Amino acid sequence: MNTANKPNIAILGYGRMGKAIEASAQRKQLIVSDIFDIDSQIKANGEYQFDVAIDFSSPDAVLDNAKIVAEMGKNLVIGTTGWYTKLSELEAIIKGNNTACVYASNFSIGMNIFFKVVNHASQMLNNYDDFDLMISETHHKNKIDHPSGTALSLGEIILSNIERKKEIVSELPAGAAIKPEELNISYSRLGAVMGSHSVVIDSEVDSITLTHNAKSRVGFADGAVFAATWILGKQGLFNFADIV
């Protein structure tokens, strides 16, 4: 088991992200003791060697996985997106078992810096009504949720700072126009694009574009492994953006 802040890692979901996490853990000289996937799922009565599980499985599996891991008294890192309407249920599971969980819409350190850049920019833009904003995101064709969890996180940052923006819209009926109080998030799915997010700020006289482009899965994997190390020995529910 763990020694000196070096937890044994379990991987929930052994797709491309799961393999990237395995490689990241190995680079950091951590042991990946257990790997779970569709045909080898984690069991409540299983005897495993991991201290922290990293979940990049599917939105439908997140709560079931969390319940099993928490009832074992082990901690959890969740990188899966598309389940956030059930956040209160996750919180109850974690608190009820006195364990810990770090979740994030994006585990890239660079993206979490980008969140803070957008937070600062939107605070300033609250004072300038001439500027409008929108968010655009592009991901690979196999990404299921849309808009991405990262785009929605960016949207929530903007809504929290700009009083004239009240709600996010990503689907518009034919012939409908964006209302001044709405924040538009557009999304595209294309080929093998890893992930691109832009916040576009526009007025009649100038335009500003803030963009983050992910070059590979390495940044997401390294952030998730960092979170797994950070959470060792802790209790509670944490957003990765708050601990970066």
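Not measured: the values here are computed from a predicted model. One is the number of the first residue; the rest follow in order along the sequence.
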Review point. Are Ser203 and Asp206 close enough that a side-chain donor and a side-chain acceptor fall under 3.5 Å?
Key: yes
Review point. Going by atom types alone, do Ser196 and Asn213 pair a side-chain donor with an acceptor below 3.5 Å?
Key: yes
Point to revise | Polar side-chain atom of Lys166 near backbone of Glu163 as donor-acceptor pair, under 3.5 Å | key: yes
Review point. Regarding Asp55 and Ser57, is there a side-chain donor-to-acceptor distance under 3.5 Å anywhere?
Key: yes
Exercise for review: Measure the CG-CD distance between Asn184 and Glu171 for me, rounded to the nearest 0.5 Å.
Suggested key: 9.5 Å
Exercise for review: Anything under 30° is parallel, anything over 60° is perpendicular, the rest tilted; go ahead and classify Phe240 against Phe107.
Suggested key: tilted
Practice item. Classify the side-chain pair Asn161/Asn119 by whether it contains a donor and acceptor separated by less than 3.5 Å. Key: yes
Review point. Looking at Glu137 and Arg189, does any basic side-chain N land under 4.0 Å from a carboxylate oxygen?
Key: yes
Exercise for review: Count the heavy atoms of every other residue, nucleotide or ligand shown that sit under 6.0 Å from NZ of Lys19, and state whether that count exceeds 12.
Suggested key: yes
**Study point:** Atom pair CG (Asn65) and CD1 (Ile42), whose distance is rounded to the nearest 0.5 Å
**Key:** 6.5 Å
Point to revise | Single hit among Val118, Ile162, Val200 for side-chain contact (heavy atoms from CB on, under 4.5 Å) with Leu133 | key: Ile162
Review point. Judged by atom type as modelled, is there a donor-acceptor pair below 3.5 Å linking the side chain of Asn239 to the main-chain atoms of Ala241?
Key: yes
Exercise for review: Any pair with a residue in residues 212-222 that passes salt bridge (charged side-chain N to carboxylate O under 4.0 Å, His left out), sequence neighbours left out, goes on the list, sorted by first then second residue, please.
Suggested key: Arg27-Asp222
Check your understanding: Counting only N and O atoms by type, is there a donor-acceptor contact under 3.5 Å from the side chain of His146 to the main-chain atoms of Ile144?
Key -> yes
Report, one line per pair, each donor and acceptor closer than 3.5 Å where one atom sits in a side chain of residues 230-237; sequence neighbours left out.
residue	atom	partner	partner atom	Å
Lys234	NZ	Trp230	O	2.6
Gln235	NE2	Asn98	O	3.3

Exercise for review: Report yes or no: do Thr81 and Asp145 form a side-chain donor-acceptor pair below 3.5 Å?
Suggested key: yes
Check your understanding: To the nearest 0.5 Å, what is the distance between CG (Leu172) and NZ (Lys179)?
Key -> 10.0 Å
